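Data first, discussion second: the structure below is written as structure tokens.
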Amino acid sequence: MPELPELEVLREYLGPRLEGRKIAQVWTSPKLSFLLRTPPDEYARQLIGGTFERVWRRGKFLVFDISGQHLVINPMLGGRLQWTTASEKVAAATVFRITLEEGDELRFLDTVKMGRVYWVVPGALPTIPGWAELGPDALTVSLSEFSQRIRRHPGELKNLLRNQAFIAGVGNAYSDEILHEAGLLPLRKRTTLKPDEVVRLHAATGKVLRDAIESIKAQAKYEPHKQDRSFMAVHGKGKEKCPRCGHRISELTARGEATHFCRGCQH
Ligand SMILES: [Zn+2]
């Protein structure tokens, strides 16, 4: 599941490749068109001839401004963007293809069929489910705002970090990484945090996300539609040793999602 760091790198990668380019062709998959929240015909009718103006991100939404309108992608669990050429073999999970005038192609793939794609007019972004509730971006939220907002949420820290209304951009994987960095247990209640622990949690949030962005950008074989998270400290590393204290990493699974943490150095 792409989260803030993957989408931020994607934005930086696609921006210079797309901005100013004109759309020659659009194809939407008849089988996967239910992922398009605007009628599929509209994409071909309105996007062809359009120009990519800007690629930007809000939380876990990626937004492409095209000739004054917004193409918005919420990749959810398995959505991926592929940057390729029109002649490349089309994967079965391809939801749409946008072909540029010189033959480069942007594709959206989704193997678990949960992603959401919207094509909206200016001013309609808040009508997208989840958009209006988004809190400040997890990458840039200030300590004062973080400390203010955290008071409204009494529950477990892992759920708190993943709550897009608190801060936007963190999901299952990076919440584990942030809590490990902060030395705090995922099931601990926010109400038990001391003021210095709130400061630590805020610092860990920024550090983990910034470091992840740098790690992804440093990957020699970076391809936007592939996800390499081998740099992570605990998430996805059940039964391995904690890189900080050497204790065996614990795993909890709930509703098909794994939480990883270290009982040795998270309290
Ligand atoms: Zn540890």
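Atoms within a ligand are numbered from 1 in the order they appear, just like the ligands themselves. None of the values given here were measured: they were computed from a predicted structure.
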Q. Can Glu6 and Tyr174 be counted as having a side-chain donor-acceptor contact under 3.5 angstrom?
A. yes

In terms of relative ring orientation, are His70 and Trp56 parallel, tilted or perpendicular, with 30° and 60° separating the classes?
perpendicular

(message) We want to know whether Glu105 and Thr99 form a side-chain donor-acceptor pair, criterion being a heavy-atom distance below 3.5 angstrom.
(response) yes

With sequence neighbours left out, the residues meeting salt bridge (charged side-chain N to carboxylate O under 4.0 Å, His left out) with Arg80 are none

Given a cut-off of 2.8 Å, the protein N, O or S atoms lying below it from the Zn ion (ligand 1) are Cys242 SG, Cys245 SG, Cys262 SG, Cys265 SG

For Arg37, is the CZ atom crowded, meaning more than 12 foreign heavy atoms sit under 6.0 Å from it?
yes

task: Might you work through the ring-ring contact (aromatic ring centres under 6.0 Å, His included) test for Tyr118 and Phe61, ending with a clear yes or no?
output: CA-CA 10 Å; Tyr118 308 86; Phe61 290 89; 7.2 Å; no

